[in-house]
Amino acid sequence: MARDFVACDREQLLLMPPSLNEWLPEDHLVWTVLDAVEVMDLSRFADAYRLGAAGRPAYDPQMMVALLMYSYARGTRSSRGIERACWEDVACKVITSMRTPDHSTIAEFRRRHEADIAELFGDVLGLCREAGLVSVGVITIDGTKIKANASMDQNRSYSGLVRDILREAEEEDQREDQLYGDRRGDELPEQLRDPNTRRQALVDAKRRLAAHKGKPVDDDALKPEPQKLQIDLQATVFGRPVLKRGGRIEWLRVARQELEAHRTRQGAPVPRDRDDRMFQALGRLEQNHQVDLDAVQTYEMWRLTARDTWGRALRGNSKVWVPPELPAGVINVSDPDSRVMRTAGTPPRQAYNAQAAVNDRQVILAAEITNAAPDFGQLAPMFAATLRNLAGQGVTEAPQVLLADAGYWHHPQMQAITETGVEVLAPPDGKANAAAGKTASTKRCATS
């Protein structure tokens with residue numbers, strides 16, 4: 001006896017036109033995204049387009065914002081991946097009303113409105129507040145490592161970058177024998193050992209590379225010295241409530257943090273040409289080196305006149321800091337802002353450290369990203385970002401409890417937060433417990 005099966009005739013024409021509202025169940029995520037975008041103020045997106053402009057009309061910003069938000073929520077970051085989803089994913093078809101923007105259009109929209117898209121976080125938080133989801137009784141902070149779009153093989157030291165640049169330049173000009181002479185060939189040339197002639201030698205190498213490729217040379221790259229960052233380091237150090245005066249290491253750390261903040265504000269793009277990226281990496285290493293020198297000089301000058309709480313001159317041994325001959329450290333040529341980071345149980349990788357603060361309803365109150373690998377030192381900045389975002393949405397209620405794991409154990413920061421009336425709950429540093437042979441247990445940071 002033949003079995004009865006439900007027919008599957010793909011050539012059957014539909015009698016009535018299909019409705020997009022019937023393609024997905026009512027509790028699907030896409031409806032939440034569409035409803036949220038509908039009540040957002042997206043006028044700043046529309047203001048970027050001129051009235052009566054010639055050419056093909058642009059896609060509706062509301063549709064593009066909804067498409068990006070849904071795709072990012074589903075883990076699709078690539079513009080090509082989003083274009084593919086517009087052809088294959090039913091939810092994306094619902095968002096775009098069966099239209100299929102290509103990947104170039106999607107990428108251009110994201111680049112053009114990058115700052116406006118970032119501000120949507122506050123709009124979403126405001127919607128959550130109106131819906132009664134922004135409770136601030138208990139706040140939890142945690143971080144995760146996000147892989148950067150760069151290979152660890154592209155990390156270079158200062159001397160490595162110099163050797164690469166000189167090797168390529170001399171191969172093009174066939175002057176390698178004249179450069180190295182009877183030496184082994186892996187030493188830095190004499191003109192690169194002296195800071196006064198090093199910059200000019202690298203600029204000359206870039207001129208030769210650019211001339212061989214038939215490209216114009218960027219005038220900014222031919223400046224005799226990299227732009228010096230002006231930092232009032234002493235005022236910055238004393239302005240940090242949890243740092244106070246600290247030692248030389250703290251002054252160096254603060255100087256580097258100020259430098260990274262300056263680079264973030266600049267938002268300089270990564271050059272597409274490899275030679276330009278190598279020279280950009282050199283410039284960053286030189287700037288790091290100069291900031292370290294300035295930080296140590298400022299610290300030494302402060303220490304000569306500093307007094308303790310009793311008005312006495314500071315005592316104790318202060319080891320003489322000997323600066324390296326060349327800028328220390330490594331930098332990634334593909335993504336100079338990324339760093340090599342390690343997580344327990346996983347191999348090291350080129351990454352960023354993404355931080356998030358959520359409430360007891362899993363609503364994200366703050367999200368930040370840093371290139372500092374450890375979570376140590378991120379407690380106070382994330383708490384401040386949370387308060388700033390809440391205040392921006394009119395939430396005046398103060399948090400009661402702040403939760404974090406052992407990686408955030410930073411006693412000065414915890415003490416400063418506790419003094420504001422917030423109870424901080426975090427397990428002590430795991431390494432300290434292991435050294436003492438104790439079992440880690442949750443402790444409270446109470447005001448003494």
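These figures come from a predicted structure and were not determined experimentally. Counting begins at 1 with the first residue of the sequence.
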4.5 Å side-chain heavy-atom contact, [X] and [Y]:
X: Ile139; Y: Leu403; answer: no
X: Leu365; Y: Val358; answer: no
X: Ser151; Y: Ser334; answer: no
X: Val94; Y: Asn21; answer: no
X: Val422; Y: Gln400; answer: no
X: Arg349; Y: Lys145; answer: yes
X: Gln280; Y: Pro271; answer: yes
X: Met69; Y: Val124; answer: yes

(message) Does Leu120 form a side chain to side chain contact (heavy atoms under 4.5 Å, CB included) with Val37? I'd like the steps, not just the answer.
(response) CA-CA 9 Å; Leu120 291 178; Val37 173; over 6 Å; no
(request) Please name all residues satisfying side-chain contact (heavy atoms from CB on, under 4.5 Å) with Glu114, sequence neighbours left out, ordered by chain then number. (result)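 None.
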(message) Test of understanding: with side-chain contact (heavy atoms from CB on, under 4.5 Å), list the residues that count as partners of Arg253, not counting sequence neighbours.
(response)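 Checked Arg253 against side-chain contact (heavy atoms from CB on, under 4.5 Å); matches are Ile249, Glu250, Gln257.
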Over all atoms of both residues, closest heavy-atom pair of [X] and [Y]:
X: Ala66; Y: Val33; value: O-CG1, 3.8 Å
X: Leu285; Y: Ser157; value: CD1-C, 4.0 Å
X: Leu161; Y: Arg156; value: CG-CB, 3.5 Å
X: Ala36; Y: Leu127; value: O-CD1, 3.7 Å
X: Ile141; Y: Ala357; value: CG1-CB, 3.9 Å
X: Tyr352; Y: Ser338; value: OH-N, 3.3 Å

(request) Would you please test Tyr408 and Asp142 for side chain to side chain contact (heavy atoms under 4.5 Å, CB included) and show each step? (result) CA-CA 8 Å; Tyr408 291 88; Asp142 203 357; 4.1 Å; yes
Between [X] and [Y], do the side chains contain an N or O donor and an N or O acceptor separated by less than 3.5 Å?
X: Gln350; Y: Asn149; result: no
X: Tyr299; Y: Asp294; result: no
X: Gln287; Y: Arg263; result: yes
X: Thr105; Y: Asp102; result: yes

(message) If the threshold is 4.0 Å, N to carboxylate O, is there a salt bridge linking Arg111 and Asp116?
(response)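 Not counted as a salt bridge, because no side-chain N and carboxylate O are separated by less than 4.0 Å.
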(request) Look at Asp89 together with Arg74 and state whether they make a salt bridge at an N to O cut-off of under 4.0 Å. (result)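 Salt bridge: no.
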Answer yes or no: is there a donor N or O on one side and an acceptor on the other, between the side chain of [X] and the main chain of [Y], under 3.5 Å?
X: Asn155; Y: Met152; answer: yes
X: Asn359; Y: Gln362; answer: yes
X: Arg361; Y: Gly132; answer: yes
X: Thr346; Y: Thr343; answer: yes
X: Arg77; Y: Tyr72; answer: yes

Straight-line distance of [X] [atom1] to [Y] [atom2], nearest 0.5 Å:
X: Gln62; Y: Leu67; atom1: CD; atom2: CG; value: 12.5 Å
X: Glu108; Y: Met64; atom1: CD; atom2: CE; value: 10.0 Å
X: Asp273; Y: Met278; atom1: CG; atom2: CE; value: 10.5 Å
X: Gln393; Y: Asn389; atom1: CD; atom2: CG; value: 8.0 Å
X: Leu42; Y: His113; atom1: CG; atom2: NE2; value: 10.5 Å
X: Thr420; Y: Leu402; atom1: OG1; atom2: CG; value: 9.0 Å

(request) Return each pair, listed once, that meets side-chain hydrogen bond (donor to acceptor under 3.5 Å, both in side chains) where at least one residue sits in residues 92-101; pairs must be two or more places apart or across chains. (result)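 Those involving residues 92-101 do not exist here.
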(request) Measure the acute angle between the ring planes of Phe45 and Phe109, then classify it against the limits of 30° and 60° as parallel, tilted or perpendicular. (result)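 Ring orientation, 0 to 90° scale: parallel.
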(request) Only counting residues at least two apart or in another chain, list the ones meeting side chain to side chain donor-acceptor pair (under 3.5 Å) with Asp360. (result)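 With neighbours one apart ignored, the set is Ser135.
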(request) Before giving the answer on side chain to side chain contact (heavy atoms under 4.5 Å, CB included), spell out for Glu300 and Thr298 the whole-Å C-alpha distance, their side-chain angles and the decisive distance to 0.1 Å. (result) CA-CA 6 Å; Glu300 298 294 346; Thr298 306; over 6 Å; no
(request) May I ask you to check whether over 12 heavy atoms, not counting those of Ile364, lie within 6.0 Å of atom CD1? (result)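 Counting other residues, nucleotides and ligands, CD1 of Ile364 stays at 12 neighbours or fewer.
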(message) More than 12 heavy atoms of other residues, nucleotides or ligands under 6.0 Å from CZ of Arg44: yes or no?
(response)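 More than 12 heavy atoms, drawn from other residues, nucleotides or ligands, come within 6.0 Å of this atom.
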Side-chain donor-acceptor pairs under 3.5 Å in residues 366-384, sequence neighbours left out?
unit_1 : atom_1 : unit_2 : atom_2 : d
Thr370 : OG1    : Ala372 : N      : 3.1
Asn371 : ND2    : Glu260 : OE1    : 3.2
Asn371 : ND2    : Asp337 : O      : 3.2
Asp375 : OD1    : Asn353 : ND2    : 3.1
Asp375 : OD1    : Gln355 : NE2    : 2.9

(request) Show your working on salt bridge (Lys or Arg N to Asp or Glu O under 4.0 Å) between Arg129 and Asp123 and close with a plain yes or no. (result) CA-CA 10 Å; Arg129 179 182 64 84; Asp123 296 341; over 6 Å; no
Just distance, no hydrogens or angles: give the donor-acceptor pairs under 3.5 Å from side chains in residues 23-31, sequence neighbours left out.
unit_1 : atom_1 : unit_2 : atom_2 : d
Trp23  : NE1    : Ser19  : O      : 3.4
His28  : ND1    : Val30  : N      : 3.1
Trp31  : NE1    : Pro25  : O      : 2.8

